There are 2 protein chains.
Amino acid sequence: MVAKTRNKRAASPILASVYEATADLHKLGLVDKSTMREFDALCLTPVEPLSPGEIRALREREHVSQPVFAHYLNVRKDAVSKWERGEKKPDGPSLKLLNLVRAKGLLAIA
Amino acid sequence: MVAKTRNKRAASPILASVYEATADLHKLGLVDKSTMREFDALCLTPVEPLSPGEIRALREREHVSQPVFAHYLNVRKDAVSKWERGEKKPDGPSLKLLNLVRAKGLLAIA
DNA sequence: CATTCCTATAGCTCTTGGAGCTACATAATT
DNA sequence: AATTATGTAGCTCCAAGAGCTATAGGAATG
């Protein structure tokens, strides 16, 4: 399927690059097969794991307390505290929100 | 504490209204105490529960498949399927993301 | 000064969402 | 006809997050 995609004549050099990148991501298992068709999914900001220190730095960058930060993410303040102390690791939707804040600021999720 | 806040001379009529609204929300237990100081938290889009039908309608409004929708939210496609069939109920961070999409569209979390 | 709040930790228990998997029917592509 | 994507279904398992109490330190307020 990857090879097939590569061989397909792309509409533009830019699109061709997107195809290449997609194929590579796909090979690495980072992209769902469906994204080979639905290209808007590629415009997503990549979701990376965040260390406790990075989470704390992120929150302090936004100048908010743990309770307020938690309020933005719709989690309990305890959760934020545990993230920053490494007791729990955010993943899935929580990690997505944290990455959104990192990339676009708190206002992006307000 | 609520009365105390009410008695405080507000800087403007608008701010006074905000105080009033905050106090009421606080009385209803909808707002964390911290928000009485951190006002930006009030600018948050309220997070409401979504029914299975509303979730499906939301996804179809954005013209994406379950796998792609899941990709945006950084959850597995199975999760989206279960939400739409009422098998699982999104809450916390997932619900926040869904409300974000509803209020601002998929691009807001891209 | 004393007092009142907010913050941030810490230590618990418990529920359930989401991960991760397989399998299947349908529909759309090619 | 063969391939590919979709949506549903059933299952197990883990850990995130909920929810609670208690504590200590700091900041604001009187």
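This one's a predicted model, so the numbers in the text were calculated from it and none came from an experiment. Below, read A as the first sequence line, B as the second, and so on, with proteins coming before strands; counting in each chain starts at 1. These values consider heavy atoms only, across backbone and side chains, with no hydrogens, waters or symmetry-generated copies.
His63(A) places a side-chain N or O within donor-acceptor distance of the main-chain N or O of Arg61(A), the cut-off being under 3.5 Å. At distances below 3.5 Å, not a single donor-acceptor pair connects side-chain atoms of Asn74(A) with backbone N or O atoms of Pro93(B).
Under the rule for a side-chain contact (heavy atoms from CB on, under 4.5 Å), the partners of Asp78(A) that lie at least two apart in sequence or sit in another chain are Arg76(A), Lys82(A). For Lys104(A), the side-chain contact (heavy atoms from CB on, under 4.5 Å) partners are Leu100(A), Ala108(A), not counting sequence neighbours. Scored by the side chain to side chain donor-acceptor pair (under 3.5 Å) test, Glu54(A) finds Ser51(A) as partners (sequence neighbours excluded). Under the rule for a salt bridge (charged side-chain N to carboxylate O under 4.0 Å, His left out), the partners of Arg59(A) that lie at least two apart in sequence or sit in another chain are Glu84(A). For Glu60(B), the side chain to side chain donor-acceptor pair (under 3.5 Å) criterion is met by no residue, not counting sequence neighbours. With sequence neighbours excluded, the residues forming a salt bridge (charged side-chain N to carboxylate O under 4.0 Å, His left out) with Glu87(A) are Arg85(A), listed by chain and number.
One atom, CG of Asn74(A), and another, P of dG17(D), lie 11 Å apart when rounded to the nearest Å. Glu60(B) has its CD atom 14 Å from the P atom of dT6(D), to the nearest Å. Atom pair Phe69(B):CZ and dA5(D):C1' shows a separation of 18 Å (rounding to whole Å applied). Separating the CD1 atom of Ile55(A) from the P atom of dA16(D) is a distance of 11 Å, rounded to the nearest angstrom.
Screening residues 89-101 of chain B for side-chain hydrogen bond (donor to acceptor under 3.5 Å, both in side chains), with sequence neighbours left out, gives Asn99(B)-Arg102(B).
Between dG17(D) and Trp83(A), a contact under 4.0 Å exists linking OP1 or OP2 to a side-chain N or O. Distances shorter than 4.0 Å separate none of the side-chain N or O atoms of Arg76(A) from OP1 or OP2 on dG17(D).
Across every non-hydrogen atom of Ala70(A) and Val80(A), the tightest pair is CB-CG2, 3.6 Å.
Taking a 4.0 Å limit (strictly below) on heavy-atom distances, residues 91-101 of chain B does not reach DNA chain D anywhere.
End-to-end axis angle of the helix from dC1(C)-dG30(D) to dT30(C)-dA1(D), from C1' rotation axes over five pairs per end: 70° (rounded to 10 degrees).
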Contact state string [nucleotides 9-16 of chain C, B base, S sugar-phosphate only, - no protein heavy atom under 4.0 Å] = BB-B----
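Contact of the Phe69(B) side chain with the Leu106(B) side chain is registered, since non-hydrogen atoms from C-beta on lie closer than 4.5 Å.
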